[in-house]
Amino acid sequence: MVVKQQAEAITTVSPRIGGETCPSGDFRASVNPLTKLKELPTMSNFSKSAVGLVAALLSSAALTAPASAGARNIVLVHGALVDGSGWRGVYDILTRDGYNVSIVQQPLTSLDQDIAATMSVVDQQDGDVVLVGHSYGGTIITAAGNDPKVKALVYVAALQPEKGESTAQLLQSMPSPTNDIKPSKDGFLLVDRAKFAADFGADLPKDQAEFMARSQMPVAVVATNAQVSIAAWHVKPSYAIVAKDDMTINPDLERWMYNRAGSTVTEVEGSHAIYISQAAAVAKVIEEAAKAAK
């Protein structure tokens, strides 16, 4: 038992003099230390109780103290068509649990600019970082995750490209059940408002999905066509969440990408907006990544 071991450790500590151990601290060359030891009075019941209490308290503290995380900083990266406010539920859970959370508001105007915006936030962190991306945000963290501060990557219903691959290339390789994302005249992509709820967040409250449909943040076509120059998941631990009811990214594509990368995979019932509808499940995976970070 832990208590017994601690108690024994306390009762046997003694000064060492000339290479001999004497529990009383009183060593005389003319006295056999073993004889002296036999003459010592046994520990009083009070002393035994005190030592036992201390040992019990130490043991209890060791069992109840929260495990320290390997990384205390979490950086969240949103995907296309939305902004960072959708991370609010995940943010609330992580901050409640003691993590320092930052949310990137990248412009979605080009992949390079989105990576630069993400790396700027990572650079602001004091210590190790877990970098989290949703949807197109997965493409961003694949490149930005090469920063030495980043110790783990978390893909939430996200794209996970290999070096030389683009967002559009992956989406076209295994199309989703719907095809309601359309280009605008000025080179950006949007989802048909009338179909946004069904395609993006079927498990969200109706009024929330309607608001998101009307506040879409369009993503530039050039951003989705840009290839990543590095894939950080080759050298950083990666975790991934498959949204089993995803209608924006094919769940089978998610599984294929995550298997290719050797990610630790969790499957959760939910739409593409799983980071909103299943915030607790997503936060749990992020915390697992943070605690394991080295």
Side-chain angles (χ1 to χ4, degrees), residues 2 6 57-79 84 86-104 118-135 137-160 230-244 254-255 257-270 273-294:
V2 174
Q6 290 176 330
L57 289 174
L58 289 173
S59 175
S60 176
L63 291 173
T64 60
S68 59
R72 300 303 302 176
N73 301 299
I74 313 294
V75 173
L76 307 174
V77 183
H78 66 79
W87 287 112
R88 182 57 191 264
V90 172
Y91 167 89
D92 286 343
I93 295 169
L94 295 175
T95 54
R96 180 199 67 195
D97 293 345
Y99 292 92
N100 175 48
V101 184
S102 299
I103 300 168
V104 180
T118 300
M119 294 184 73
S120 177
V121 175
V122 170
D123 186 60
Q124 296 169 28
Q125 308 307 305
D126 181 16
D128 295 340
V129 173
V130 172
L131 190 56
V132 185
H134 170 253
S135 192
T139 301
I140 298 170
I141 70 169
T142 293
N146 193 51
D147 188 290
K149 282 188 177 181
V150 176
K151 301 303 179 184
L153 303 166
V154 180
Y155 293 83
V156 182
L159 295 161
Q160 190 183 42
I230 191 168
W233 49 260
H234 279 293
V235 294
K236 307 286 177 80
S238 62
Y239 298 73
I241 299 174
V242 173
K244 296 173 73 173
E254 294 173 14
R255 295 182 181 102
M257 292 183 296
Y258 305 157
N259 180 67
R260 174 178 68 171
S263 302
T264 300
V265 180
T266 300
E267 297 210 359
V268 179
E269 299 282 351
I274 196 168
Y275 69 113
I276 301 174
S277 62
Q278 297 286 353
V282 171
K284 181 181 178 182
V285 173
I286 295 171
E287 292 194 12
E288 289 173 357
K291 291 172 183 177
K294 297 178 181 179

Self-check item: Crowding at CZ, R260 (>12 non-hydrogen neighbours, <6.0 Å)
Solution: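 Yes.
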
Exercise. Please assess L76 against I286 for the test side-chain contact (heavy atoms from CB on, under 4.5 Å), listing each intermediate value before the final yes or no.
Key: CA-CA 10 Å; L76 307 174; I286 295 171; 4.2 Å; yes

Practice problem: Decide side-chain contact (heavy atoms from CB on, under 4.5 Å) for V77 and V132; before the verdict, give the C-alpha distance in whole Å, the side-chain angles of both, and the deciding distance to 0.1 Å. | Solution: CA-CA 6 Å; V77 183; V132 185; over 6 Å; no

[X] versus [Y]: any side-chain heavy-atom pair under 4.5 Å?
X    : Y    : result
E287 : I93  : yes
K151 : V129 : no
N73  : V130 : no
Y155 : I241 : no
K236 : V150 : yes
K244 : R255 : yes

Got a second to check how far [X]'s [atom1] is from [Y]'s [atom2], nearest 0.5 Å?
X    : Y    : atom1 : atom2 : result
I74  : Y99  : CD1   : OH    : 6.5 Å
E267 : Y258 : CD    : OH    : 10.0 Å
Q278 : T266 : CD    : OG1   : 12.5 Å
L153 : L131 : CG    : CG    : 6.0 Å
D147 : M119 : CG    : CE    : 5.0 Å
R88  : I276 : CZ    : CD1   : 13.0 Å

Quiz prompt | Geometric class of the W87/H134 ring pair [parallel <30°, tilted 30-60°, perpendicular >60°] | solution =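 Because their plane-to-plane angle is over 60°, the rings of H134 and W87 count as perpendicular.
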
Where [X] and [Y] come nearest, the two heavy atoms and their spacing:
X    : Y    : value
S135 : G79  : CB-CA, 4.1 Å
V282 : Y275 : CG2-CA, 3.9 Å
G127 : K149 : O-CD, 4.0 Å
A232 : N146 : CB-N, 3.6 Å
T118 : A144 : CG2-CB, 3.8 Å
A240 : S263 : CB-CB, 4.1 Å

Quiz prompt | Salt bridge present between D92 and R96 (N-O < 4.0 angstrom) | solution =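 No, no charged N to carboxylate O under 4.0 Å.
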
Quiz item: When you look at H78 and V104, which way does the side-chain contact (heavy atoms from CB on, under 4.5 Å) test go after all the steps?
Solution: CA-CA 7 Å; H78 66 79; V104 180; 5.8 Å; no

Quiz item: Have S102 and Q125 got a donor and an acceptor in their side chains that come within less than 3.5 Å?
Solution: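 Judged by distance alone, the side chains do pair up.
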
Quiz prompt | Criterion side chain to side chain donor-acceptor pair (under 3.5 Å) on T142 and Q160, from CA distance to verdict | solution = CA-CA 7 Å; T142 293; Q160 190 183 42; over 6 Å; no

